[in-house]
J.: 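After the structure tokens below, expect a handful of questions from me.
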Amino acid sequence: MLLCRPNFFFWTSKQRLNFHLFSTVPNPRLPSPLSSLPPTPGITQIKQAHARTIVFGLANDGRITPHLLAFLAISSSSLPSDYALSIYNSIPHPSVFATNNMIRCFVKGDLPRHSISLYSHMCRSFEVAPNKHTLTFVLQACSNALAIREGAQVQTHVIKLGFVKDVFVRNALIHLYCTCCRVESAKQVFDEVPSSRDVVSWNSMIAGFVRHGQISDAQKLFVEMPEKDVISWGTIISGCVQNGELEKALDYFKELGEQKLRPNEAILVSLLAAAAQLGTLEYGKMIHSIADSLRFPMTASLGTALVDMYAKCGCIDESRFLFDRMPEKDKWSWNVMICGLATHGLGQEALALFEKFLTQGFHPINVTFIGVLTACSRAGLVSEGRHFFKLMTDTYGIEPEMEHYGCMVDLLSRAGFVYDAVEMINRMPAPPDPVLWASVLGSCQVHGFAELGEEIGNKLIQMDPTHNGHYVQLARIFARLRKWEDVSKVRRLMAERNSNKVAGWSLIEAEGRVHQFVAGDKEHERTTEIYKMLEIIGVRIAAAGYSANVTSVLHDIEEEEKENAIKEHSERLAIAFGLLVTKVGDCIRIIKNLRVCGDCHEVSKIISQVFEREIIVRDGSRFHHFKNGSCSCQDYW
DNA sequence: GACGATATAG
């Protein structure tokens, strides 16, 4: 039987692919243990083939087992390295081919240090000499392990063994230096032997520049490169997105379309991330329709990017609709959906989904608990929040990060457990972010813990003297205590230190464009109409019983704000513009960088009723859905 | 006998 398998051992996986294409029925006269494997088999298929080699008595055949390792290295499944190692160890005198593939298996199994050890063992034993493949794989391991010293040592081997002109090896070196923050060294490798450069060298170098924020160098190289492939386009587009050059990313995408090139999934995912970041729904929808029209399969990655985009653009229903219909979901799909529901204030739904996530056998990660704790915080579920925090650390062994503490401190202090929140901050292993204290300070102001607030306010001003908000909060607390001298002292300090507010902006999409407003903005082409609309709003909401939320207690400190800031806050301008471009029953979507102020929140509620519009606002930390005079956050934010 | 480069989620 064995004699009927001419040349089997020398088939490459590519040749085998052709074999499968041309003969739809496998030849029963060739019962090879590996012949039925597809080009990139899954782990189960490989194990079955392995079982067949054992059945055929070929388990120790030095010509078959290295191929098993090669299949494991390119397998479509994730890899248990100990299984590969047991096969490797069964080979009495491993060839360089076998060892190379074992090195690859360790890389794939996320054990790059093992790859490096095996390589150094190979060098020391002198049984077989490393070849160009060995060097490529071990350099890849060094990149994954961020092992720059070992990598540099391998570079000396590259010289010694005479592979300096091998383009694969050179590219592996470029990649290594780029991942280890040595862009200059990478550029040196890139420049040294221009004849040993191909499109991958250029792509790697561009990616290196992108990763280090040198986006203009990346763009320069992109323009210079002799030929571009779809990965070059993907690299530059995602690079622009990562560096906040979202318009530029869109320009490149247009150019790609003009050249009649088909984008790949990575490009669409990057662009969806850009839309999500900006909150530009129309733009996100456009990418979605491109994905549909090009018949991209709904993979977990693409689906997750869409779910995230819709959630971040305020369409939580659409986001959930897509999530429920995704044919394949991974842990990230669930995490994104849980966090999306939580930021939209749908705490109970988020927690229900978390339960489902667990019953599906997924293992929660740090991000999952950020969603879960945010959900508890938004829904005011204090005991549940405490329970999940404990579950995270005790059951799942996840070390709480600043964000987890942030959620807990927020949860406790909002609910009035201000001293518990302080205790939690004091128990933290790392120095707390000022944001945590600021959140407690806010609650002190709301819940009337004046002395504690005074203490925290002073502490915050010391920690972060340029932050305007701390002074304002502290002044409010003094005002509550009627310590007017202290109020003016704080205000003087604020002026002296020239502490500045982060410039607030609001944006709204309309007529195929993004319109951005800052407070008191007069730049927009429809400024006159907008300010007229503000007046109309003033009259109509007053008729509905609104009076400005500037209480007598605060009167002393917020005179200017009362006049300018409140009335002409960027979101008021955006809403006024939104009213101009929409009709009754429509939805106005606004994205803000800062949190909504109390007065704007109140006004938005009334506008939603008086003008019969739904207003969806994404602020610095959450979503507000204003409808029929009330908000989804139930005034709890 | 085989190698390399791009993406997202708080």
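Sequence lines set the chain letters: A, B, ... in the order given, protein chains first and strands last, and positions in each chain run from 1.
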J.: Whole angstrom is fine here: how far is it from CG in A:Leu353 over to P in B:dG10?
T.: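 Rounded to whole Å, this separation is 15 Å.
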
J.: Would you mind classifying the nucleic acid contact of A:Ser204 as base, sugar-phosphate or nothing, using non-hydrogen atoms under 4.0 angstrom?
T.: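 Here A:Ser204 touches the backbone only, sparing every base.
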
J.: With sequence neighbours left out, what residues match A:Asp292 under side-chain hydrogen bond (donor to acceptor under 3.5 Å, both in side chains)?
T.: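 In terms of side-chain hydrogen bond (donor to acceptor under 3.5 Å, both in side chains), with neighbours along the sequence ignored, A:Asp292 is linked to no residue.
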
J.: Would you mind checking if A:Arg170 and A:Asp166 are paired as a salt bridge, meaning a charged N to carboxylate O distance below 4.0 Å?
T.: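 Answer for the salt bridge query: no.
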
J.: Would you sort out whether A:Lys312 and A:Asp308 count as a salt bridge (charged side-chain N to carboxylate O under 4.0 Å, His left out), showing the intermediate values?
T.: CA-CA 6 Å; A:Lys312 293 211 172 114; A:Asp308 189 44; 3.1 Å; yes

J.: Give A:Ala273 one of three labels, base, sugar-phosphate or nothing, depending on what nucleic acid heavy atoms sit under 4.0 Å from its own.
T.: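 Contact class for A:Ala273: sugar-phosphate only.
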
J.: Relative to A:Phe323, does A:Lys329 satisfy both conditions: NZ or CZ under 6.0 angstrom from the six-membered ring centre, and within 45 degrees of the ring's axis?
T.: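 Yes, A:Lys329 and A:Phe323 form such a contact.
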
J.: Go through B:dC3, B:dA7, B:dA5 for me and flag the one nearest to the A:Asn203 side chain.
T.: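 Shortest atom-to-atom distance from the side chain points to B:dA5.
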
J.: Would you say the ring centers of A:Phe253 and A:Trp233 fall short of 6.0 Å from each other?
T.: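 No, the ring of A:Phe253 stays outside the 6.0 Å limit from the ring of A:Trp233, centre to centre.
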
J.: Could you tell me whether the side chain of A:His67 has a donor or acceptor atom within less than 3.5 Å of a complementary atom in the base of B:dG1?
T.: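 Yes, a donor-acceptor pair under 3.5 Å.
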
J.: Contact class for A:Gln140 (heavy atom, under 4.0 Å): base, sugar-phosphate, or nothing?
T.: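 The residue A:Gln140 makes sugar-phosphate contact but no base contact.
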
J.: Looking only at heavy atoms, what is the nearest atom pair of A:Asn366 and A:His404, with distance?
T.: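 The answer is O-NE2, 2.8 Å.
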
J.: Using the benzene-type ring in the case of Trp, are the ring centres of A:Phe209 and A:Phe190 under 6.0 Å apart?
T.: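 Centroid separation for A:Phe209 and A:Phe190: 6.0 Å or greater.
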
J.: Using a heavy-atom distance cut-off of less than 4.0 Å, which residues of residues 90-109 of chain A contact DNA chain B?
T.: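 By residue number: A:Phe97, A:Asn100, A:Arg104.
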
J.: Under 3.5 Å, is there a donor on one side chain and an acceptor on the other for A:Asn144 and A:Asp110?
T.: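 No, no side-chain donor-acceptor contact under 3.5 Å.
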
J.: Between A:Ser232 and A:Asn203, does a side chain to side chain donor-acceptor pair (under 3.5 Å) hold up when you go through it step by step?
T.: CA-CA 5 Å; A:Ser232 325; A:Asn203 290 348; 2.8 Å; yes

J.: Determine the contact category for A:Asn264: base if any of its heavy atoms lies under 4.0 Å from a base atom, sugar-phosphate if only primed atoms, P, OP1 or OP2 are that close, otherwise nothing.
T.: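 Counting heavy atoms under 4.0 Å across all strands, the contact made by A:Asn264 includes a base.
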
J.: Could you state the CZ-C1' distance from A:Arg618 to B:dG10, rounded to the nearest angstrom?
T.: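 It is 13 Å, rounded to the nearest whole Å.
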
J.: Please tell me which of the listed nucleotides, B:dA9, B:dA5, B:dA7, lies nearest to the side chain of A:Ile231?
T.: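 When the side chain of A:Ile231 is considered, B:dA5 is the closest of B:dA9, B:dA5, B:dA7.
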
J.: Looking at B:dT8, I'd like to know if its phosphate oxygens (OP1 or OP2) sit under 4.0 Å from a side-chain N or O belonging to A:Gln242.
T.: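 True: A:Gln242 side-chain N/O within range (under 4.0 Å) of B:dT8 OP1/OP2.
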
J.: For A:Val307 versus A:Ser319, what's the shortest heavy-atom pair and its separation?
T.: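 Reported closest heavy-atom pair: O-OG, 2.9 Å.
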
J.: How is A:Lys132 classified with respect to the nucleic acid when contacts are heavy atoms under 4.0 Å: base, sugar-phosphate, or nothing?
T.: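 Counting heavy atoms under 4.0 Å across all strands, the contact made by A:Lys132 includes a base.
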
J.: Taking the side chain of A:Val269 as its heavy atoms from C-beta onward, which of B:dA2, B:dA7, B:dA5 lies nearest to it?
T.: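 Within the option list, the nearest is B:dA7.
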
J.: Give the rounded distance in Å between these two atoms: NE2 of A:His175 and C1' of B:dC3.
T.: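 So the two atoms are 13 Å apart, to the nearest Å.
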
J.: To the nearest angstrom, how far is A:Arg170 atom CZ from B:dA5 atom C1'?
T.: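 In whole Å, B:dA5 C1' and A:Arg170 CZ are 16 Å from each other.
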
J.: What is the nucleic acid contact for A:Asn131, judged by heavy atoms within less than 4.0 Å: base, sugar-phosphate only, or nothing?
T.: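 The answer is base, as A:Asn131 lies within the cut-off (heavy atoms under 4.0 Å) of a base atom.
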
J.: Find the distance A:Lys329:NZ to B:dT8:P and express it as a whole number of Å.
T.: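 In whole Å, B:dT8 P and A:Lys329 NZ are 23 Å from each other.
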
J.: Please report, rounded to the nearest Å, how far the C1' atom of B:dT8 is from the CE atom of A:Met326.
T.: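 Between C1' of B:dT8 and CE of A:Met326: 11 Å.
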
J.: A:Phe323 CZ to B:dT8 P: how many Å, rounded?
T.: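 To the nearest whole Å, that distance equals 21 Å.
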
J.: When you measure from the side-chain N and O atoms of A:Lys312 to the phosphate of B:dG10, is any distance below 4.0 Å, counting only OP1 and OP2?
T.: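 Affirmative; the distance criterion is met.
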
J.: So which of residues 294-308 of chain A are in contact with DNA chain B, with a heavy-atom cut-off of under 4.0 Å?
T.: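 Nucleic-acid contacts, sorted: A:Ser301, A:Thr304, A:Asp308.
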
J.: Please give, in whole Å, the distance from B:dC3 P to A:Tyr119 OH?
T.: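 Atom OH in A:Tyr119 sits about 20 Å away from atom P in B:dC3.
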
